[in-house]
Each structure stands twice: as C-alpha cells, then as structure tokens.
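What follows is a single structure, written as structure tokens, with notes after it.
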Amino acid sequence: MSSLASSRDVLQSPVESVLRVSRRRRIDAVLFGIFCALSFVLVVVPLADILWTVLSRGARALNLTVFTQVTNGISGGLLNAIEGTLVLSAGAILIAAPVGVITGIYLAEYGEGAWGRSVRFLADVLTGVPSIVLGYFSYVTLVEGLGWQFSALAGALTLALMIVPYIARFTELAMRQNPASLREAGYALGCKEPQVVFKILLPAARSGVITGVLLSLAISVGETAPLIYTAGWSNYLWNGQLTREPIGYLTYVIWSFINQPFASAHALAYAAAFLVIAVVLVINIATRIFLRKRL
C-alpha cells in the first residue's frame, strides 16, 4: 500500500506543477492586460481631450474672415499666417530634401567606414538637439551675424537644419531595404554605379523616402521655438523678400494670442491650432498611404 501511495504522489506532483505554472501564467496575462489597458487610457484620454478641445473650439472660430483677411493686432484673420506657414515649410523642404536624400544615399551605400559612422552619429545627435537651441544658433549666425534680421530665409534655413537628419535617416533605411539582387541585376545589365543608385535603387525606395519627407514636413509645420528667433512676426502678407523682412506663421498665433485676455485673440489661436492639426493630420494620412504602398 505504501508503495502504491508513493507512486500516486509521484504521478500527481508533475500535474500539480503544470497547474501551478498555468495559473501563474493566467494571472500574469491578466495583470499584463490590465497594465496595457491602463497605459492605453493614459495615452488616449489626454490626447482625445486635447483634440476635442482644439477641434471643437477651432471649428467654431473658423469663418471666411480667417482665410481672407490678415491679422490686425489681436483680431482680423489668419491669411498672413497661413501664407507664411506655407512659405516657411515649403522653403525648408526645398532646402532639406535634396541634402537629406543625398546624405541618406551616401550612408546607405558608402557609410560603413569611419566617416559614415561619424555622419550617422552627428545626424542622430542633431535630431536630439532642442529646436529652441537651433533657433538661438540661427539668431546669432543668420539674424545678427549675417545681418538678415527676422526673415523668411532665416526661418526656412533653421527648419531645414532641424529636419535634414530625419530625411537622411528615413532615406538610409529605405535604401537598405532594397534587396541585393536588385543591385546585381543593374550591374548585370551593364549599368554604372550612378545609374544603379539613382535609376534603380532610389526609385525602388521612393515610398520610404517620400514618407521621410512628409513626416519632416509635418514637423516643420508644427514648430514655434526656432521661428520666434528667426522669422519674427508680421501682420502683413509676405512681399517676396527673403531677408530683412519678418513673416507671419500659424504657430506664433497659437503661442502668443492664447495668453491675451481677449475673446478675439483666443478665437484666432484656436482657429490657428485647428488648421495646424488639420495639416498635420492630412500629412500623416498621406504618409500612411505611402507606407502601405511600400508594404
């Protein structure tokens, strides 16, 4: 009898061990699910509250005057700010996109050496530099040093300096995703190195490159700190002068007018915030479309 009982205990002990492990795993899974749900709520609820506040108040503040009149003190419209935002962001992309794409191609194709590692490291460092520091640097070098004063060119160059690393890294990652067989096929057809890079590899990676450019554009649209030091502010439409002429932009309205104790200023600030969020949302949707095409 004793031997039978001991054999039964031996058989039951592995089963009990498996059951204990199974119970512990179920408890861990439940706790992890609760933690994920709480994290999701902590992220989504404040974001939803911000979006609802800005979009609801901004939508009520939108009218024909916002799009047809310039800012008059703390009232009027946002035509000058809308135009200035388009000018600054377009100028930044026109400057940064060629430089960033060429840099990304170099890092992907020839960036395995010491120089390539240095460029990659400096690009990563530049992405971590606060934008207000870049603005102060541009203020010292461009606004004061070169005598450009507050101007569209100083603001666009500062934004370009900020977004070049993003475009370069996106381009490098997109180029590295191209299969080696694609390059080998180009060489097999008798193509030279520039033809392989610019006519085969770069077109194949265009979705990733465009994604980087669009995300960089969204970053430039939402920036305020570097433009305060370089673009200044103007209540008038841009006259086409690149230097020695300040320019308006939407984020200045958000930053400055919301602190004014007037309903008209608050309405313009919410309208500007609505427009900035709408532009960023459209850019992000376009980015998702290009990513889906890539995948």
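The model shown is predicted, which means the values in this text are computed figures rather than measured ones.
Considering CG of Leu227 and CG of Leu88, their distance stands at 5.5 Å, rounded to 0.5 Å. Expressed to the nearest 0.5 Å, how far CG of Asn284 lies from CG of Leu217 amounts to 10.5 Å. Here the straight-line distance linking atom CD1 of Ile247 with atom CG of Leu153 works out to 11.0 Å at 0.5 Å rounding. We find the CG-SG distance between Leu201 and Cys191 to be 10.0 Å, quoted to the nearest 0.5 Å. To the nearest 0.5 Å, the span separating OG on Ser234 from CG on Asn239 amounts to 8.0 Å. Note: Phe67 CZ to Leu78 CG = 8.0 Å, rounded to the nearest 0.5 Å.
Taking the side chain as every heavy atom from C-beta outward, Leu215 and Tyr166 never approach each other to under 4.5 Å. In this structure, Ile228 and Ile132 have side chains that are not in contact, with every pair of non-hydrogen atoms separated by 4.5 Å or more. Inter-residue side-chain proximity for Leu159 and Pro226 is flagged as met; some heavy-atom pair is nearer than 4.5 Å. You'll find the side chain of Ile283 reaches within 4.5 Å of the side chain of Leu214, heavy atoms only. Leu202 has its side chain within reach of Met175: a pair of non-hydrogen atoms, C-beta onward, lies under 4.5 Å apart.
In this structure Tyr252 satisfies the ring-ring contact (aromatic ring centres under 6.0 Å, His included) test together with Trp233, Tyr249, Trp255, sequence neighbours excluded. With sequence neighbours excluded, the residues satisfying side-chain contact (heavy atoms from CB on, under 4.5 Å) with Ile277 are Leu51, Val54, Leu55. Ala269 pairs by the side-chain contact (heavy atoms from CB on, under 4.5 Å) definition with Phe257, Ile258, not counting sequence neighbours. Evaluation of the salt bridge (Lys or Arg N to Asp or Glu O under 4.0 Å) rule for Arg120 yields Glu172 as partners, not counting sequence neighbours. For Pro179, the side-chain contact (heavy atoms from CB on, under 4.5 Å) partners at least two apart in sequence or on another chain are Ser181, Leu182. Residues meeting the ring-ring contact (aromatic ring centres under 6.0 Å, His included) test with Trp148, sequence neighbours left out: none. When the side-chain hydrogen bond (donor to acceptor under 3.5 Å, both in side chains) test is applied to Thr103, no partner is found at least two apart in sequence or on another chain. With sequence neighbours excluded, no residue satisfies salt bridge (Lys or Arg N to Asp or Glu O under 4.0 Å) with Glu144.
Checked by atom type and distance alone, the side chain of Thr127 pairs as donor or acceptor with a backbone atom of Asp124 at under 3.5 Å. Side-chain atoms of Thr251 come within 3.5 Å of backbone N or O of Glu223 as a donor-acceptor pair. For Arg169 (side chain) and Gly212 (main-chain N/O), no donor-acceptor pair under 3.5 Å exists by modelled atom type. A donor-acceptor pair is defined here as one N or O able to donate and one able to accept, closer than 3.5 Å; such a pair exists between the side chain of Ser264 and the backbone of Ile74. Judged by distance alone, the side chain of Ser138 and the main-chain N or O of Thr158 form no donor-acceptor pair under 3.5 Å. Remark: side-chain polar atoms of Asn80 are paired, donor with acceptor, to backbone N or O of Thr71 under 3.5 angstrom.
Thr230 and Gly155 make their closest contact through OG1-CA, 3.4 Å (heavy atoms, listed as atom of the first residue, atom of the second, distance). When all heavy atoms are compared, the tightest approach of Leu62 to Ala271 is CD2-CB, 4.0 Å. Closest of all the heavy-atom pairs between Glu83 and Trp238 is OE1-N, 2.8 Å. Minimum heavy-atom separation, Val87 to Ala152: CG1-CB, 4.4 Å. Taking both residues in full, the closest heavy atoms of Ala225 and Ser131 are given as CB-OG, 3.9 Å, listed atom of the first, atom of the second, then distance. Of all the heavy atoms in Asn178 and Ala205, the pair that sits closest is ND2-CB, 3.9 Å.
Hydrophobic cluster membership of Val44, counting Ile, Leu, Val, Met, Phe, Trp and Tyr whose side-chain heavy atoms lie under 4.5 Å apart directly or via other members: Phe40. Through chains of ILVMFWY side-chain contacts below 4.5 Å, Val125 is grouped with Phe121, Leu122.
Criterion: ILVMFWY side-chain heavy atoms under 4.5 Å apart, direct or through other members. Under it, Val143 and Tyr136 are part of a common hydrophobic cluster. When the side chains of ILVMFWY residues are joined at heavy-atom separations under 4.5 Å, either directly or via intervening members, Leu237 and Ile82 end up in two distinct hydrophobic clusters. Neither Phe262 nor Val66 shares a network with the other; the hydrophobic side chains, linked directly or stepwise wherever heavy atoms of I, L, V, M, F, W or Y lie under 4.5 Å apart, form separate groups for each. Cluster membership check: Leu161 shares its hydrophobic cluster with Tyr139, using side-chain heavy-atom separations under 4.5 Å among Ile, Leu, Val, Met, Phe, Trp and Tyr. Note on Ile95: it clusters hydrophobically with Tyr229, by side-chain heavy-atom contacts below 4.5 Å among ILVMFWY residues.
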Could you go through Val70 and Asn235, starting from their C-alpha distance and side-chain angles, then the distance that decides it, and tell me whether this counts as side chain to side chain contact (heavy atoms under 4.5 Å, CB included)?
CA-CA 6 Å; Val70 298; Asn235 287 327; 5.8 Å; no
Side chain to side chain contact (heavy atoms under 4.5 Å, CB included) for Ile163 and Ile93? Distances and angles first, verdict last.
CA-CA 8 Å; Ile163 64 178; Ile93 288 297; 3.8 Å; yes
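Note on residues 63-73: no pairs pass salt bridge (charged side-chain N to carboxylate O under 4.0 Å, His left out), not counting sequence neighbours. Listed by first then second residue, pairs satisfying side chain to side chain donor-acceptor pair (under 3.5 Å) with a partner in residues 44-66 read Arg57-Tyr270, not counting sequence neighbours.
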